[in-house]
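The sequence lines fix the lettering, A, B, ..., with proteins before strands; numbering per chain opens at 1.
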There are 2 protein chains.
Amino acid sequence: MTSDLSSRLCRAQEQAGAYGVDVLLVSPGADLRYLTGYDAVALERLTCLVLPAEGEPRLVVPRLERPAAVASPVGDLGIELVCWDEADDPYALTAGLLPAGASTVAVDDRMWAVKALALAAAAPGARQVAAGSVLRELRMRKTPAEVDALREAGQAIDRVHARMGEWLRPGRTERDVGRDIADAIVTEGHVRTDFVIVAAGPNAASPHHELSDRVIGAGDPVVVDIGGTVEAGYCSDSTRTYVAGGIAPEDFAAYYAVLLEAQRTQCAYAGPGVTAAAVDAVGREVIADAGYGEAFVHRTGHGIGLETHEEPYIVAGNDLVLEPGMAFSIEPGIYLAGRHGARIEDIVVCTDSGAERMNRTSRELVVLADGPG
Amino acid sequence: MTSDLSSRLCRAQEQAGAYGVDVLLVSPGADLRYLTGYDAVALERLTCLVLPAEGEPRLVVPRLERPAAVASPVGDLGIELVCWDEADDPYALTAGLLPAGASTVAVDDRMWAVKALALAAAAPGARQVAAGSVLRELRMRKTPAEVDALREAGQAIDRVHARMGEWLRPGRTERDVGRDIADAIVTEGHVRTDFVIVAAGPNAASPHHELSDRVIGAGDPVVVDIGGTVEAGYCSDSTRTYVAGGIAPEDFAAYYAVLLEAQRTQCAYAGPGVTAAAVDAVGREVIADAGYGEAFVHRTGHGIGLETHEEPYIVAGNDLVLEPGMAFSIEPGIYLAGRHGARIEDIVVCTDSGAERMNRTSRELVVLADGPG
């Protein structure tokens, strides 16, 4: 673990140098965990890894969080801790740790603006850029150990989908079903439930609907999009669309078949050497050819790893060429506003020859029984 | 509800004008919820309320989140929605909505740096400042309805503390106890568990320790600091220190008594017309006089409302004069590194004549029985 982290820190420094960045300022969140193993909570007090392109990294921490930092892998990495007390100015302190003459400072993509602005004021000679352009070069390419963690997460969320018949029944509300799913996400192997979408009937036409008090009706198409985080910090994310008993709406089976063909086509197409935009396009074409082009209102997918949404994004205009180790969702959807909708989502990892699916539950339409599960 | 929100939007515009800010750019999170009622999830796609000091507000949203925005109070507020599609540049779009000649743009404190930097690049003529300096003037002063929500949250977390004997016993791990508490936070009236600290024995000396696999020993002092969010969006946060069966360490009762006197003194002292720094100082003095000054390593408290930590901070150097409606924690602690520690925390709201405690469980040391609860 420590040697992996040391090597990540070195590679981040090399990338910073290659991008003309003098120093990376990394805040609590996925980047800090990726580089140091320290899973710090993002709060108002400044915690910041100061990682110069050349020289030793230092971690600025509030004194009361020093024990937590020392107990994390940071303690074994030999990173010097620079503590600040409650009445100190941590921004001036951090600015004082920048390399002499630093002109380009990369701040963590997820750093709070109020902190980035305070750091800019404390180091007025330096230009700020987003650190994501540097760090994505590392985080996008998963190691075998990271792929193992994504596979573990995928299997855990698959076990939840496999149990959907226990909870998803006509007469129950989305919220009640969602609560059961949230519990199962943890009992099936995640340390945390990240999100639960249960979108029934017309709500299934809203891609980012969450949970409502709508009572699920017999024959409602129900989009269930769920995810959690496993111990190692990696995320799951899988969507299946169910029909909760009864008879689905007349045109539903027809467009579900189109969607399934699109998603399968994209999974088969994704692999090394093709662009993110092309993966999006091959699915969009299947859906458009069947007359549903206007109903596929979002991109095909997003990268996944220590965050549910990260690079690479599978979207028109993204000419990034996929490489082995890149992990992302393939999740086309068809949404008929005011009526219903469907989405199918797997996480895939680019291999040497194609893409491995992390999610393996059936993608065929599942019609759940009416009765008690 | 809608009229409250409309009035908040107007007051935010007035404050912006008074601070010389041409426009506020508000991202998903507590500020957006406070101003519009829209409880949007913060993700990588830009959602941004463009609120000029003069003129009509507009909300930039990804098209796939339009249904969620319309279903929120935003739909009733008459805020124009400006949707963007997956291949659009939402930053250029947002920059185009800024008032002509805007020279000072206030970005949400919690906006991701990568978004603030993209907005800065899209509007190169404007200087960015943090919106918190404007919005805190509104959010710090709670209305009676907001205080009701904090009282409801306080009562809910009190019910969890009252049940601690069911879970906190020697022989169990911090993590197991924490899991039970997390469940109870929801069953006792919150919609979400925000954090659970169970810090036993030497871990109690680390103020931001969370949960470990440490087995709780008989006689261990255990700091339990827990909080959640109620339906209306307001947060609870209360700490009690327990002794889990057995006999506490020899010096523990003595310094616990000092801590209790300090916390009581601070609760009695807090009220309109005194400064945040003075509230901190009166407790620090009690603890220092008893010889434990070095062991109180953090500020006295933080504001609370739609966020667990917000303005006002009760800390040395903060000369803010308290006013009725300001809500904050009073949570002194004494930490003996490597040995044990204690903290007592109540949320209080400044009234016309003093401070009302939102938490009412006993602050005396609670020694839980050894046996099964």
### Query
Given a strict heavy-atom distance threshold of 4.5 Å, which part of A:R110 is in contact with chain B: side chain, backbone, both, or neither?
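Both backbone and side chain.
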### Query
Would you call A:E210 and B:V41 a side-chain contact if the rule is heavy atoms closer than 4.5 Å?
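Answer yes - side chains close enough.
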### Task
May I ask you to test the B:R66-A:H208 pair for a side-chain heavy-atom distance under 4.5 Å?
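No; the side chains remain at least 4.5 Å from each other.
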### Query
What part of A:D108 lies closer than 4.5 angstrom to a heavy atom of chain B: side chain, backbone, both or neither?
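Only the backbone of A:D108 comes within 4.5 Å of chain B.
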### Task
Let me know if A:Y335 has heavy atoms under 4.5 Å from chain B in its side chain, its backbone, both or neither.
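No part of A:Y335 comes within 4.5 Å of chain B.
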### Interface residue of largest heavy-atom contact number with chain A, from B:S27, B:A116, B:S206, B:G317, under 4.5 Å
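Option with the greatest count: B:S206.
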### Message
So B:H209 and A:E65, do their side chains get closer than 4.5 Å, heavy atoms only?
### Response
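Heavy-atom side-chain distance check fails, nothing below 4.5 Å.
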### Task
Check for a donor-acceptor pair, side chain of B:E86 on one end and backbone N or O of A:H298 on the other, with a separation under 3.5 Å.
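Such a contact is absent between B:E86 side chain and A:H298 backbone.
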### Query
So, A:E44 and B:R299, do they make that salt bridge, N to O below 4.0 Å?
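So A:E44 pairs with B:R299 through a salt bridge.
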#### Entry: B:F195 versus chain A, the contacting section by heavy-atom distance below 4.5 Å
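The answer is neither part of B:F195.
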### Query
In Å and rounded to the nearest 0.5 Å, what is the CG to OG1 distance from A:L43 to B:T308?
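So the gap between those two atoms works out to 8.5 Å.
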### Contacting moiety of A:A130, where chain B heavy atoms sit under 4.5 Å
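Both parts, backbone and side chain.
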### Query
Do B:L117 and A:V107 come within less than 4.5 Å of each other through their side chains, counting heavy atoms only?
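Yes; the side chains approach each other to less than 4.5 Å.
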